[in-house]
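Data first, discussion second: the structure below is written as structure tokens.
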2 protein chains.
Amino acid sequence: MAPISIAPSARNGDVENNPCSACPVRDLTVCGALEETELSKMSEIVRTRRVGAHRTIFSEGEDADSVFNVTSGTVKLYKLLPDGRRQITGFLFTGDYIGLSMHERYAYTAETVTPTSLCHFPRRQMDALLKEFPKLQQRLFSMASNELEAAQDQMLLLGRKTAKEKVASFLLGLSWRLSRRGQKENPVPVPMSRSDIADYLGLTTETVSRTFTALKSQGVIRLLEGNKVDLVDCRRLEDVAEGG
Amino acid sequence: MAPISIAPSARNGDVENNPCSACPVRDLTVCGALEETELSKMSEIVRTRRVGAHRTIFSEGEDADSVFNVTSGTVKLYKLLPDGRRQITGFLFTGDYIGLSMHERYAYTAETVTPTSLCHFPRRQMDALLKEFPKLQQRLFSMASNELEAAQDQMLLLGRKTAKEKVASFLLGLSWRLSRRGQKENPVPVPMSRSDIADYLGLTTETVSRTFTALKSQGVIRLLEGNKVDLVDCRRLEDVAEGG
DNA sequence: CGATATCTTGAGGAATCTCAATACTAGTGG
DNA sequence: CCACTAGTATTGAGATTCCTCAAGATATCG
């Protein structure tokens with residue numbers, strides 16, 4: 001799959017009435033499906049929002065009447081069991097869309113990991129746009145398709161991989177998503193806490209920490225300043241991730 | 001063999017040229033999105049197939065040039081690690097569609113659990129139909145959306161539930177899917193082997209077996225003839241499934 | 001610079017896995 | 001109709017990974 005070019009577009013739409021036309025991450029996301037002129041329809045219903053770190057965007061069980069686009073920052077989605085056990089089902093980055101698996105009520109909570117910029121769309125109006133622009137619908141289906149494949153990979157990870165394989169896969173996944181967005185894929189910024197990583201991988205924070213230490217002392221990774229991880233030996237990390 | 005001409009019934013349309021219009025499970029599946037007249041387009045590209053139990057429909061890594069509809073029977077989808085560890089990502093029943101998460105190559109293997117009837121569609125032609133009928137695209141998106149939500153539930157199960165909670169959730173899931181298809185939801189036929197269940201729940205066959213035994217001796221379920229399970233105390237099973 | 005949260009490390013325990021033996025079941029052929 | 005076989009399921013005992021609980025180290029933030 002070819003990485004999407006993030007070349008900052010010097011597009012000259014009517015920025016006043018059509019801010020979306022100047023959006024630098026447009027091609028990464030659902031909006032990339034539309035032409036300049038069609039984009040104005042999105043501009044009409046979008047509301048941009050900046051949110052600090054560790055804020056709840058919406059909670060599991062609430063009426064699902066908004067969908068979102070992440071234009072910068074990191075968001076986590078999670079589900080809870082009654083006793084508080086938590087499973088993070090995904091981390092979202094620039095260009096990711098919140099609202100692919102949508103029913104009456106949100107089936108998960110969305111919370112920012114870092115300060116985040118969001119495009120907020122009323123769901124009803126977005127649904128109307130989908131009807132109006134089959135291209136948009138198509139793009140959304142394609143994104144859902146990708147998500148589904150990622151979810152299947154994650155099931156394999158959760159059900160069958162060891163702690164070491166899980167952590168290795170996690171780091172490679174972060175790196176891969178960076179490169180898809182056209183960013184440098186190494187070293188990898190890891191903005192989420194050990195506890196978040198644990199709840200994403202079906203482990204405890206302690207096990208995640210121990211596993212990082214183990215990978216570090218084997219020379220496969222290095223922990224850098226600012227929560228970055230240097231994938232020293234990518235090839236070996238890949239072997240570890242697949243149980244080799 | 002020469003086709004036998006049958007007078008088309010007003011109810012069912014021209015069954016000869018449009019067999020899909022007579023399909024009894026149409027409304028359960030993607031085809032339910034189309035009108036009688038539009039259905040003929042599907043009829044033109046469909047090829048029905050009956051397959052015995054334990055047969056491979058396609059394998060992970062093969063060129064993904066077909067999509068399928070399950071019209072009867074049970075299918076399992078799975079991914080493998082290099083050393084043979086297996087994760088079953090889903091079981092498919094009547095009405096389920098194979099081809100929601102689709103790229104160049106199949107990302108998983110599809111294998112029948114029981115004798116199965118399939119509708120086979122060339123992928124290119126199905127893609128053309130999706131472009132022609134946005135309703136179809138919409139339906140497929142809606143199905144992908146459901147799948148995605150199910151996948152998230154499964155991640156919670158795999159990452160955070162105990163063996164007992166997993167097995168209870170599994171049985172309730174089977175029962176729930178029966179009722180969605182309008183069938184009796186109890187007792188639940190369990191056509192797949194312990195080993196399949198284990199690979200679906202991230203457990204071993206032994207643990208699955210022990211857990212069935214435990215639930216049985218607690219009077220929550222009963223094992224009946226013909227691989228059926230009687231959910232004696234559904235309420236309690238639900239509590240068990242959520243860690244209550 | 002102190003307070004607080006996060007991360008790391010250690011020791012012991014528990015759930016689940018592995019290995020092994022036995023029981024059951026379905027299909028086959030006498 | 002029964003015995004035989006091969007696959008599948010159950011049960012048992014011991015091993016192992018990962019979890020729990022606890023303490024100390026490091027980082028973060030006002």
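When reading the values below, keep in mind they use all heavy atoms of this one structure, side chains included, and skip hydrogens, waters and symmetry mates.
Under 3.5 Å, the side chains of A:Tyr108 and B:Gln152 contain no donor-acceptor pair of N or O atoms. Of the N and O atoms on the side chains of B:Asn146 and A:His103, at least one donor lies less than 3.5 Å from an acceptor on the other residue. For the 3.5 Å distance criterion, the side chains of B:Ser117 and B:Arg50 qualify, holding a donor opposite an acceptor. The closest side-chain donor-acceptor pair between B:Thr204 and B:Thr207 falls under 3.5 angstrom.
Of the inter-residue distances, the one linking A:Glu60 atom CD with A:Leu77 atom CG reads 11.0 Å to the nearest 0.5 angstrom.
The shortest distance between side-chain heavy atoms of B:Thr71 and B:Leu118 does not fall below 4.5 Å. Side chains of A:Asn227 and A:Pro191 form no contact here, defined as non-hydrogen atoms less than 4.5 Å apart. Under the 4.5 Å side-chain criterion, counting only non-hydrogen atoms from C-beta, A:Tyr106 is not in contact with A:Asp63.
Residues from residues 72-92 of chain B lying near DNA chain C, meaning a heavy-atom separation below 4.0 Å, are absent.
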- Query: Can you check side chain to side chain donor-acceptor pair (under 3.5 Å) on B:Tyr78 and B:Glu111, steps first, answer last?
  - Reply: CA-CA 8 Å; B:Tyr78 63 84; B:Glu111 210 175 294; 2.6 Å; yes

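Taking atom CG of residue A:Asn227 and atom P of nucleotide D:dT28, one finds them 6 Å apart after rounding to whole Å. Between the CG atom of B:Asp196 and the C1' atom of D:dG7 there is a distance of 14 Å, rounded to whole Å.
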Show me the donor-acceptor pairs within less than 3.5 Å that the side chains of residues 154-163 of chain B make with the rest of the protein, sequence neighbours left out.
{"from": "B:Gln154", "atom 1": "NE2", "to": "B:Tyr200", "atom 2": "O", "distance (Å)": "3.0"}
{"from": "B:Arg160", "atom 1": "NE", "to": "A:Arg86", "atom 2": "O", "distance (Å)": "2.9"}
{"from": "B:Arg160", "atom 1": "NH1", "to": "A:Leu203", "atom 2": "O", "distance (Å)": "3.3"}
{"from": "B:Arg160", "atom 1": "NH2", "to": "A:Ala198", "atom 2": "O", "distance (Å)": "3.3"}
{"from": "B:Arg160", "atom 1": "NH2", "to": "A:Asp199", "atom 2": "OD1", "distance (Å)": "2.6"}
{"from": "B:Arg160", "atom 1": "NH2", "to": "A:Leu203", "atom 2": "O", "distance (Å)": "2.6"}
{"from": "B:Lys161", "atom 1": "NZ", "to": "B:Ser169", "atom 2": "OG", "distance (Å)": "2.9"}
{"from": "B:Lys161", "atom 1": "NZ", "to": "B:Ala241", "atom 2": "O", "distance (Å)": "3.3"}
{"from": "B:Thr162", "atom 1": "OG1", "to": "B:Glu165", "atom 2": "N", "distance (Å)": "3.3"}

Show which side-chain atoms of residues 91-100 of chain B pair as donor or acceptor with protein atoms under 3.5 Å away, not counting sequence neighbours.
{"from": "B:Asp96", "atom 1": "OD2", "to": "B:Phe93", "atom 2": "N", "distance (Å)": "2.7"}
{"from": "B:Asp96", "atom 1": "OD2", "to": "B:Arg177", "atom 2": "NH2", "distance (Å)": "2.6"}

- Query: When you check every protein heavy atom under 4.0 Å of nucleotides 11-26 of chain D, what one-letter string (B, S, -) results, 5' to 3'?
  - Reply: BBB----SSBB-----

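Over its length, the helix from C:dC1-D:dG30 to C:dG30-D:dC1 turns its helix axis by 50°, as judged from the five terminal pairs at each end, rounded to 10°.
Remark: B:Arg181 CZ is packed, more than 12 non-hydrogen atoms of other residues, nucleotides or ligands lying under 6.0 Å away.
In this structure, B:Thr116 contributes its side chain and B:Val51 its backbone to no donor-acceptor pair below 3.5 Å.
Between chain A and DNA chain C, the heavy-atom contact criterion of under 4.0 Å yields a 5' to 3' nucleotide range of C:dC7 to C:dA11.
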